[in-house]
Novice: 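Take this structure, written in C-alpha coordinates, and hold onto it; I'll ask about it next.
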2 protein chains.
Amino acid sequence: MKVSTKGRYAIRLMIDIGIQSNGYVRLKDVARRQEISIKYLEQIVGLLQKAGLLLSSRGAHGGYRLSKDPYDYNMGEILKATEGSLSPVSCLEDEVNNCLRYNICSTIKFWQGLNDVINEYLDNHTLGELMEIEKNLKEKNIDYSI
Amino acid sequence: MKVSTKGRYAIRLMIDIGIQSNGYVRLKDVARRQEISIKYLEQIVGLLQKAGLLLSSRGAHGGYRLSKDPYDYNMGEILKATEGSLSPVSCLEDEVNNCLRYNICSTIKFWQGLNDVINEYLDNHTLGELMEIEKNLKEKNIDYSI
DNA sequence: TGATTTCCTAGTAAACCCATAGTATAATCA
DNA sequence: TGATTATACTATGGGTTTACTAGGAAATCA
(Lines give C-alpha, C1' and ligand atoms only; values in the text may rest on other atoms or scores of the structure.)
Protein backbone atom coordinates (compact mmCIF):
# COMPACT_ATOMS: atom_id res chain seq x y z
CA MET A 1 0.00 0.00 0.00
CA LYS A 2 2.88 2.36 -0.65
CA VAL A 3 3.11 5.26 -3.05
CA SER A 4 6.40 4.85 -4.91
CA THR A 5 9.13 7.46 -5.20
CA LYS A 6 7.83 8.34 -8.65
CA GLY A 7 4.57 9.61 -7.25
CA ARG A 8 6.14 11.33 -4.27
CA TYR A 9 8.86 12.98 -6.33
CA ALA A 10 6.28 14.06 -8.89
CA ILE A 11 4.39 16.00 -6.25
CA ARG A 12 7.54 17.71 -4.97
CA LEU A 13 8.52 18.52 -8.53
CA MET A 14 5.13 20.02 -9.34
CA ILE A 15 5.20 22.15 -6.19
CA ASP A 16 8.73 23.28 -6.97
CA ILE A 17 7.94 24.22 -10.56
CA GLY A 18 4.70 25.88 -9.52
CA ILE A 19 6.42 28.10 -6.98
CA GLN A 20 9.06 29.35 -9.43
CA SER A 21 6.22 30.90 -11.33
CA ASN A 22 8.19 32.94 -13.85
CA GLY A 23 8.75 31.16 -17.17
CA TYR A 24 10.26 27.76 -17.67
CA VAL A 25 12.06 26.01 -14.83
CA ARG A 26 15.14 23.92 -15.55
CA LEU A 27 15.15 20.35 -14.29
CA LYS A 28 18.70 20.89 -13.12
CA ASP A 29 17.49 23.46 -10.59
CA VAL A 30 14.63 21.29 -9.40
CA ALA A 31 17.06 18.42 -8.94
CA ARG A 32 19.37 20.59 -6.84
CA ARG A 33 16.63 22.05 -4.64
CA GLN A 34 14.82 18.75 -4.15
CA GLU A 35 17.95 16.63 -3.88
CA ILE A 36 16.73 14.19 -6.50
CA SER A 37 18.84 12.80 -9.37
CA ILE A 38 18.22 14.77 -12.54
CA LYS A 39 18.21 11.61 -14.63
CA TYR A 40 15.44 10.13 -12.54
CA LEU A 41 13.48 13.37 -12.64
CA GLU A 42 13.67 13.28 -16.43
CA GLN A 43 11.69 10.06 -16.46
CA ILE A 44 9.09 11.34 -14.04
CA VAL A 45 8.67 14.64 -15.84
CA GLY A 46 8.18 12.75 -19.09
CA LEU A 47 5.12 11.05 -17.64
CA LEU A 48 3.69 14.31 -16.37
CA GLN A 49 4.19 15.95 -19.73
CA LYS A 50 2.54 13.12 -21.65
CA ALA A 51 -0.43 13.46 -19.33
CA GLY A 52 -0.62 17.14 -20.22
CA LEU A 53 0.18 18.32 -16.72
CA LEU A 54 3.37 20.12 -17.71
CA LEU A 55 4.54 22.05 -20.76
CA SER A 56 8.13 21.86 -21.93
CA SER A 57 10.53 23.97 -23.91
CA ARG A 58 13.79 22.57 -25.25
CA GLY A 59 17.13 24.19 -25.62
CA ALA A 60 18.72 27.11 -23.85
CA HIS A 61 16.38 28.89 -21.43
CA GLY A 62 14.12 25.88 -21.75
CA GLY A 63 12.56 23.82 -19.01
CA TYR A 64 9.11 23.01 -17.73
CA ARG A 65 6.12 24.99 -16.54
CA LEU A 66 2.61 24.23 -15.32
CA SER A 67 -0.03 23.91 -18.01
CA LYS A 68 -2.82 25.39 -15.87
CA ASP A 69 -3.65 27.14 -12.63
CA PRO A 70 -2.28 25.32 -9.56
CA TYR A 71 -5.76 25.11 -8.04
CA ASP A 72 -6.98 23.30 -11.14
CA TYR A 73 -4.71 20.32 -10.47
CA ASN A 74 -6.00 17.74 -8.09
CA MET A 75 -3.53 15.39 -6.46
CA GLY A 76 -5.24 12.34 -7.92
CA GLU A 77 -4.35 13.29 -11.48
CA ILE A 78 -0.72 13.91 -10.59
CA LEU A 79 -0.40 10.58 -8.84
CA LYS A 80 -2.29 8.66 -11.51
CA ALA A 81 -0.02 10.08 -14.19
CA THR A 82 3.08 8.79 -12.44
CA GLU A 83 1.90 5.79 -10.45
CA GLY A 84 -0.54 4.39 -12.94
CA SER A 85 -3.69 3.06 -11.32
CA LEU A 86 -4.21 3.94 -7.68
CA SER A 87 -6.80 1.27 -6.94
CA PRO A 88 -5.90 -0.93 -3.98
CA VAL A 89 -6.73 -4.16 -5.83
CA SER A 90 -6.35 -4.87 -9.53
CA CYS A 91 -9.90 -6.25 -9.84
CA LEU A 92 -11.11 -2.64 -9.78
CA GLU A 93 -9.21 -1.61 -12.87
CA ASP A 94 -11.62 -1.27 -15.78
CA GLU A 95 -9.20 -2.20 -18.55
CA VAL A 96 -8.15 -5.63 -17.38
CA ASN A 97 -10.75 -7.27 -15.27
CA ASN A 98 -9.42 -10.77 -15.31
CA CYS A 99 -10.61 -12.13 -11.99
CA LEU A 100 -12.64 -15.29 -12.49
CA ARG A 101 -14.15 -14.94 -9.04
CA TYR A 102 -15.55 -11.46 -9.69
CA ASN A 103 -19.21 -12.46 -9.60
CA ILE A 104 -18.90 -14.60 -6.51
CA CYS A 105 -16.62 -12.21 -4.66
CA SER A 106 -17.93 -10.85 -1.38
CA THR A 107 -15.00 -8.50 -0.88
CA ILE A 108 -15.21 -6.45 -4.07
CA LYS A 109 -17.66 -3.98 -2.56
CA PHE A 110 -15.34 -3.51 0.40
CA TRP A 111 -12.41 -2.77 -1.90
CA GLN A 112 -14.55 -0.48 -4.02
CA GLY A 113 -15.36 1.50 -0.90
CA LEU A 114 -11.70 1.83 -0.02
CA ASN A 115 -10.94 2.91 -3.56
CA ASP A 116 -13.67 5.54 -3.29
CA VAL A 117 -12.42 7.15 -0.08
CA ILE A 118 -8.88 7.27 -1.44
CA ASN A 119 -9.97 8.89 -4.69
CA GLU A 120 -12.29 11.28 -2.96
CA TYR A 121 -9.45 12.49 -0.77
CA LEU A 122 -6.99 12.82 -3.62
CA ASP A 123 -9.44 14.56 -5.92
CA ASN A 124 -10.33 17.11 -3.28
CA HIS A 125 -6.83 18.34 -2.64
CA THR A 126 -5.14 20.65 -5.10
CA LEU A 127 -1.60 21.46 -6.02
CA GLY A 128 -2.35 25.07 -5.11
CA GLU A 129 -3.02 24.08 -1.51
CA LEU A 130 0.28 22.26 -1.22
CA MET A 131 2.08 25.22 -2.77
CA GLU A 132 0.60 27.46 -0.08
CA ILE A 133 1.94 25.17 2.64
CA GLU A 134 5.34 25.15 1.00
CA LYS A 135 5.36 28.94 0.82
CA ASN A 136 4.39 29.28 4.48
CA LEU A 137 7.05 26.81 5.47
CA LYS A 138 9.70 28.79 3.60
CA GLU A 139 8.66 32.07 5.24
CA LYS A 140 8.79 30.49 8.67
CA ASN A 141 12.27 29.17 8.07
CA ILE A 142 13.43 32.62 7.02
CA ASP A 143 11.93 34.17 10.17
CA TYR A 144 13.66 31.69 12.45
CA SER A 145 17.03 32.31 10.89
CA ILE A 146 16.97 36.03 11.58
CA MET B 1 -0.69 1.47 -3.86
CA LYS B 2 -1.69 -2.16 -4.07
CA VAL B 3 -2.73 -4.52 -1.32
CA SER B 4 -0.76 -7.73 -1.85
CA THR B 5 -2.19 -11.21 -2.16
CA LYS B 6 -1.31 -11.82 1.48
CA GLY B 7 -3.77 -9.19 2.64
CA ARG B 8 -6.46 -10.15 0.18
CA TYR B 9 -6.15 -13.87 0.86
CA ALA B 10 -6.17 -13.20 4.61
CA ILE B 11 -9.56 -11.53 4.33
CA ARG B 12 -11.00 -14.37 2.28
CA LEU B 13 -9.58 -16.86 4.74
CA MET B 14 -11.04 -15.06 7.74
CA ILE B 15 -14.46 -14.90 6.07
CA ASP B 16 -14.27 -18.57 5.16
CA ILE B 17 -13.27 -19.68 8.65
CA GLY B 18 -15.83 -17.37 10.22
CA ILE B 19 -18.67 -18.81 8.17
CA GLN B 20 -17.86 -22.44 9.04
CA SER B 21 -18.71 -21.53 12.59
CA ASN B 22 -18.60 -24.97 14.16
CA GLY B 23 -15.26 -25.91 15.70
CA TYR B 24 -11.90 -25.82 14.05
CA VAL B 25 -11.61 -25.43 10.28
CA ARG B 26 -8.90 -27.30 8.39
CA LEU B 27 -6.66 -25.25 6.13
CA LYS B 28 -7.02 -27.95 3.50
CA ASP B 29 -10.71 -27.13 3.17
CA VAL B 30 -10.15 -23.40 3.06
CA ALA B 31 -7.58 -23.94 0.33
CA ARG B 32 -10.02 -26.00 -1.71
CA ARG B 33 -12.93 -23.58 -1.35
CA GLN B 34 -10.85 -20.46 -1.93
CA GLU B 35 -8.66 -21.98 -4.63
CA ILE B 36 -5.48 -20.89 -2.86
CA SER B 37 -2.40 -23.07 -2.35
CA ILE B 38 -2.45 -24.62 1.10
CA LYS B 39 1.27 -24.00 1.54
CA TYR B 40 0.81 -20.31 0.91
CA LEU B 41 -2.17 -20.18 3.25
CA GLU B 42 -0.03 -21.73 5.96
CA GLN B 43 2.23 -18.71 5.92
CA ILE B 44 -0.62 -16.23 5.96
CA VAL B 45 -2.45 -17.99 8.75
CA GLY B 46 0.76 -17.95 10.79
CA LEU B 47 0.75 -14.16 10.74
CA LEU B 48 -2.89 -13.97 11.74
CA GLN B 49 -2.34 -16.38 14.60
CA LYS B 50 0.69 -14.49 15.90
CA ALA B 51 -1.44 -11.35 15.91
CA GLY B 52 -4.00 -13.18 18.04
CA LEU B 53 -6.69 -13.06 15.38
CA LEU B 54 -6.99 -16.82 15.05
CA LEU B 55 -6.72 -19.77 17.41
CA SER B 56 -5.24 -23.05 16.27
CA SER B 57 -5.39 -26.72 17.20
CA ARG B 58 -2.80 -29.17 15.96
CA GLY B 59 -3.13 -32.74 14.90
CA ALA B 60 -6.06 -34.75 13.63
CA HIS B 61 -9.35 -32.84 13.78
CA GLY B 62 -7.32 -29.70 14.28
CA GLY B 63 -7.50 -26.46 12.38
CA TYR B 64 -8.23 -22.80 12.99
CA ARG B 65 -11.07 -20.76 14.42
CA LEU B 66 -11.79 -17.12 15.14
CA SER B 67 -10.60 -15.83 18.50
CA LYS B 68 -13.51 -13.41 18.95
CA ASP B 69 -16.86 -12.29 17.58
CA PRO B 70 -16.73 -11.46 13.84
CA TYR B 71 -18.07 -7.97 14.51
CA ASP B 72 -15.15 -7.32 16.85
CA TYR B 73 -12.63 -7.60 14.04
CA ASN B 74 -12.06 -4.50 11.98
CA MET B 75 -10.50 -4.88 8.57
CA GLY B 76 -7.58 -2.68 9.51
CA GLU B 77 -6.24 -5.14 12.05
CA ILE B 78 -6.51 -8.06 9.63
CA LEU B 79 -4.65 -6.18 6.92
CA LYS B 80 -2.03 -4.79 9.26
CA ALA B 81 -1.30 -8.27 10.59
CA THR B 82 -0.56 -9.56 7.09
CA GLU B 83 0.58 -6.52 5.13
CA GLY B 84 2.56 -4.81 7.84
CA SER B 85 2.15 -1.04 7.83
CA LEU B 86 -0.63 0.35 5.69
CA SER B 87 0.62 3.93 5.55
CA PRO B 88 1.00 5.28 2.00
CA VAL B 89 4.47 6.72 2.68
CA SER B 90 7.13 5.37 5.01
CA CYS B 91 7.70 8.77 6.64
CA LEU B 92 4.48 8.17 8.59
CA GLU B 93 5.69 5.02 10.28
CA ASP B 94 6.50 5.77 13.91
CA GLU B 95 9.23 3.21 14.39
CA VAL B 96 11.61 4.33 11.69
CA ASN B 97 11.29 7.97 10.90
CA ASN B 98 14.45 8.48 8.95
CA CYS B 99 13.53 11.23 6.51
CA LEU B 100 15.96 14.13 6.79
CA ARG B 101 13.50 16.45 5.09
CA TYR B 102 10.75 15.81 7.64
CA ASN B 103 10.77 19.28 9.17
CA ILE B 104 10.88 21.10 5.87
CA CYS B 105 8.41 18.83 4.10
CA SER B 106 5.24 20.47 2.84
CA THR B 107 3.65 17.22 1.76
CA ILE B 108 3.69 15.33 5.05
CA LYS B 109 0.35 16.78 6.15
CA PHE B 110 -1.17 15.75 2.84
CA TRP B 111 0.07 12.18 3.26
CA GLN B 112 -1.09 12.13 6.87
CA GLY B 113 -4.56 13.06 5.68
CA LEU B 114 -4.56 10.24 3.17
CA ASN B 115 -3.38 7.84 5.84
CA ASP B 116 -6.22 9.00 8.08
CA VAL B 117 -9.02 8.42 5.56
CA ILE B 118 -7.65 4.97 4.71
CA ASN B 119 -7.43 3.93 8.37
CA GLU B 120 -10.81 5.40 9.19
CA TYR B 121 -12.40 3.35 6.43
CA LEU B 122 -10.63 0.14 7.38
CA ASP B 123 -11.29 0.51 11.09
CA ASN B 124 -14.99 1.10 10.50
CA HIS B 125 -15.65 -2.07 8.56
CA THR B 126 -15.86 -5.40 10.34
CA LEU B 127 -15.33 -8.99 9.39
CA GLY B 128 -18.91 -9.63 10.43
CA GLU B 129 -20.20 -7.30 7.72
CA LEU B 130 -18.20 -9.08 5.04
CA MET B 131 -19.42 -12.44 6.30
CA GLU B 132 -23.01 -11.23 5.88
CA ILE B 133 -22.32 -10.29 2.28
CA GLU B 134 -20.73 -13.66 1.65
CA LYS B 135 -23.73 -15.43 3.15
CA ASN B 136 -26.18 -13.43 1.03
CA LEU B 137 -24.15 -14.14 -2.06
CA LYS B 138 -24.22 -17.87 -1.38
CA GLU B 139 -27.99 -17.88 -0.86
CA LYS B 140 -28.51 -16.04 -4.13
CA ASN B 141 -26.35 -18.48 -6.00
CA ILE B 142 -28.31 -21.38 -4.59
CA ASP B 143 -31.61 -19.76 -5.66
CA TYR B 144 -30.38 -19.24 -9.20
CA SER B 145 -29.28 -22.82 -9.58
CA ILE B 146 -32.74 -24.19 -8.83
C1' DT C 1 1.62 -46.57 16.18
C1' DG C 2 -0.03 -44.23 12.23
C1' DA C 3 -2.73 -40.82 10.17
C1' DT C 4 -3.59 -36.10 10.26
C1' DT C 5 -2.81 -31.34 10.72
C1' DT C 6 -0.30 -27.39 12.22
C1' DC C 7 4.42 -25.21 12.59
C1' DC C 8 8.85 -23.64 10.88
C1' DT C 9 12.40 -22.50 7.64
C1' DA C 10 14.53 -22.35 3.31
C1' DG C 11 14.55 -21.67 -1.57
C1' DT C 12 13.27 -19.53 -6.07
C1' DA C 13 11.48 -17.41 -10.33
C1' DA C 14 9.47 -13.36 -11.70
C1' DA C 15 8.28 -8.75 -11.13
C1' DC C 16 9.06 -4.30 -9.59
C1' DC C 17 11.64 -0.29 -7.77
C1' DC C 18 15.07 3.06 -8.22
C1' DA C 19 17.90 4.66 -10.27
C1' DT C 20 22.33 5.37 -13.84
C1' DA C 21 24.12 5.88 -18.62
C1' DG C 22 24.34 7.05 -23.21
C1' DT C 23 22.69 9.01 -27.24
C1' DA C 24 19.56 11.73 -29.96
C1' DT C 25 16.98 15.84 -30.75
C1' DA C 26 15.83 20.59 -30.53
C1' DA C 27 16.38 25.52 -29.37
C1' DT C 28 19.26 29.43 -28.47
C1' DC C 29 23.12 32.47 -28.76
C1' DA C 30 27.65 34.29 -30.24
C1' DT D 1 27.45 27.95 -38.59
C1' DG D 2 29.03 25.93 -34.48
C1' DA D 3 29.03 25.66 -29.57
C1' DT D 4 26.10 25.40 -25.74
C1' DT D 5 22.11 24.26 -23.24
C1' DA D 6 18.41 21.51 -22.12
C1' DT D 7 14.83 18.14 -23.08
C1' DA D 8 13.64 13.20 -25.14
C1' DC D 9 14.18 8.46 -25.50
C1' DT D 10 15.78 3.87 -24.55
C1' DA D 11 18.52 0.44 -22.42
C1' DT D 12 20.61 -1.69 -18.53
C1' DG D 13 21.47 -3.34 -13.86
C1' DG D 14 21.46 -4.01 -8.83
C1' DG D 15 18.50 -4.63 -5.06
C1' DT D 16 14.22 -5.70 -2.99
C1' DT D 17 9.73 -7.65 -2.78
C1' DT D 18 6.14 -10.76 -4.18
C1' DA D 19 4.11 -15.04 -4.61
C1' DC D 20 4.70 -19.06 -4.24
C1' DT D 21 6.82 -24.14 -3.65
C1' DA D 22 9.07 -27.68 -0.79
C1' DG D 23 10.54 -30.50 3.01
C1' DG D 24 10.33 -31.94 7.31
C1' DA D 25 9.51 -31.41 12.48
C1' DA D 26 6.14 -31.32 16.14
C1' DA D 27 1.73 -32.13 18.09
C1' DT D 28 -2.69 -34.51 18.52
C1' DC D 29 -6.07 -38.11 18.23
C1' DA D 30 -8.05 -42.76 17.13
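Lettering follows sequence order; numbering is per chain, from 1.
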Novice: Between P on C:dC8 and CD1 on B:Ile44, what's the gap in Å once rounded to a whole number?
Specialist: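 About 16 Å, once rounded to whole Å.
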
Novice: Once each nucleotide of nucleotides 2-11 of chain D is scored for protein heavy atoms under 4.0 Å, what B/S/- sequence comes out, 5' to 3'?
Specialist: ---BSBBB-B

Novice: So B:Tyr64 and B:Leu13, do their side chains get closer than 4.5 Å, heavy atoms only?
Specialist: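 Result no, sub-4.5 Å side-chain heavy-atom pair not found.
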
Novice: Sequence neighbours excluded and cut-off under 3.5 Å, please list the side-chain donor-acceptor pairs for residues 42-62 of chain A, or say none.
Specialist:
{"unit_1": "A:Gln49", "atom_1": "NE2", "unit_2": "A:Ser56", "atom_2": "OG", "d": "2.7"}

Novice: Please collect all salt bridge (Lys or Arg N to Asp or Glu O under 4.0 Å) contacts where either partner lies in residues 60-78 of chain A, sequence neighbours excluded, each pair once.
Specialist: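 Checked against salt bridge (Lys or Arg N to Asp or Glu O under 4.0 Å) - neighbours excluded - the pairs reaching residues 60-78 of chain A are A:Lys68-A:Glu77.
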
Novice: Expressed in angstrom and rounded to an integer, what is the separation of B:Ile36 atom CD1 from D:dT21 atom P?
Specialist: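 Those two atoms, CD1 and P, are 11 Å apart.
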
Novice: Given atom OH of B:Tyr40 and atom C1' of D:dT17, what is their separation to the nearest angstrom?
Specialist: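 Between C1' of D:dT17 and OH of B:Tyr40: 11 Å.
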
Novice: B:Ser106 and side-chain hydrogen bond (donor to acceptor under 3.5 Å, both in side chains): which single residue from A:Lys138, A:Glu129, A:Glu134 fits?
Specialist: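 Between B:Ser106 and the candidates, side-chain hydrogen bond (donor to acceptor under 3.5 Å, both in side chains) is satisfied uniquely by A:Glu134.
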
Novice: Just to verify, what does A:Gln20 make a side chain to side chain donor-acceptor pair (under 3.5 Å) with, not counting sequence neighbours?
Specialist: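 Residues passing side chain to side chain donor-acceptor pair (under 3.5 Å) with A:Gln20: none at all.
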
Novice: Suppose the criterion is side-chain hydrogen bond (donor to acceptor under 3.5 Å, both in side chains): which pairs have a residue in residues 6-18 of chain A, not counting sequence neighbours?
Specialist: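 As it turns out, the side-chain hydrogen bond (donor to acceptor under 3.5 Å, both in side chains) pairs with a partner in residues 6-18 of chain A, which skip direct neighbours, are A:Arg12-A:Gln34, A:Asp16-A:Arg33, A:Asp16-A:Gln34.
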
Novice: Tell me every residue that passes side chain to side chain donor-acceptor pair (under 3.5 Å) with B:Lys28, counting only those two or more places apart in sequence or in another chain.
Specialist: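 Partners of B:Lys28 under the side chain to side chain donor-acceptor pair (under 3.5 Å) test: none.
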
Novice: Among residues 76-84 of chain A, which ones have heavy-atom contacts with DNA chain D below 4.0 Å?
Specialist: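 When residues 76-84 of chain A is checked for heavy atoms under 4.0 Å from DNA chain D, there are no hits whatsoever.
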
Novice: For DNA chain C, which residues of residues 1-13 of chain A approach it to below 4.0 angstrom with any heavy atom?
Specialist: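 Result for residues 1-13 of chain A: A:Ser4, A:Thr5, A:Tyr9, sorted by number.
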
Novice: Show me the pairs that pass salt bridge (Lys or Arg N to Asp or Glu O under 4.0 Å) and involve residues 81-91 of chain B, at least two apart or across chains.
Specialist: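 Every candidate salt bridge (Lys or Arg N to Asp or Glu O under 4.0 Å) pair involving residues 81-91 of chain B fails, so no pair, neighbours aside, qualifies.
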
Novice: Think A:Ser37 has a side-chain N or O under 4.0 angstrom from the OP1 or OP2 of C:dA19?
Specialist: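 Result: no.
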
Novice: Which residues pass the side chain to side chain donor-acceptor pair (under 3.5 Å) test with B:Ser87, sequence neighbours left out?
Specialist: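 Only B:Ser85, B:Glu93 meet the side chain to side chain donor-acceptor pair (under 3.5 Å) criterion with B:Ser87.
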
Novice: For the pair made of CG in B:Leu41 and P in D:dT21, what is the distance, rounded to whole Å?
Specialist: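 It works out to 11 Å between those atoms.
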
Novice: Quick one: side chains of residues 113-121 of chain B, donor-acceptor pairs under 3.5 Å with protein atoms, not counting sequence neighbours, listed by atom name and distance.
Specialist:
{"unit_1": "B:Asn115", "atom_1": "OD1", "unit_2": "B:Asn119", "atom_2": "ND2", "d": "3.2"}
{"unit_1": "B:Asp116", "atom_1": "OD1", "unit_2": "B:Gln112", "atom_2": "NE2", "d": "3.2"}
{"unit_1": "B:Asn119", "atom_1": "OD1", "unit_2": "B:Lys80", "atom_2": "NZ", "d": "3.2"}
{"unit_1": "B:Asn119", "atom_1": "ND2", "unit_2": "B:Asn115", "atom_2": "O", "d": "3.0"}
{"unit_1": "B:Tyr121", "atom_1": "OH", "unit_2": "A:Phe110", "atom_2": "O", "d": "2.6"}
{"unit_1": "B:Tyr121", "atom_1": "OH", "unit_2": "A:Leu114", "atom_2": "N", "d": "3.4"}

Novice: The criterion is side chain to side chain donor-acceptor pair (under 3.5 Å); which residues satisfy it with A:Glu132, sequence neighbours excluded?
Specialist: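 Applying side chain to side chain donor-acceptor pair (under 3.5 Å) to A:Glu132 gives A:Tyr71.
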
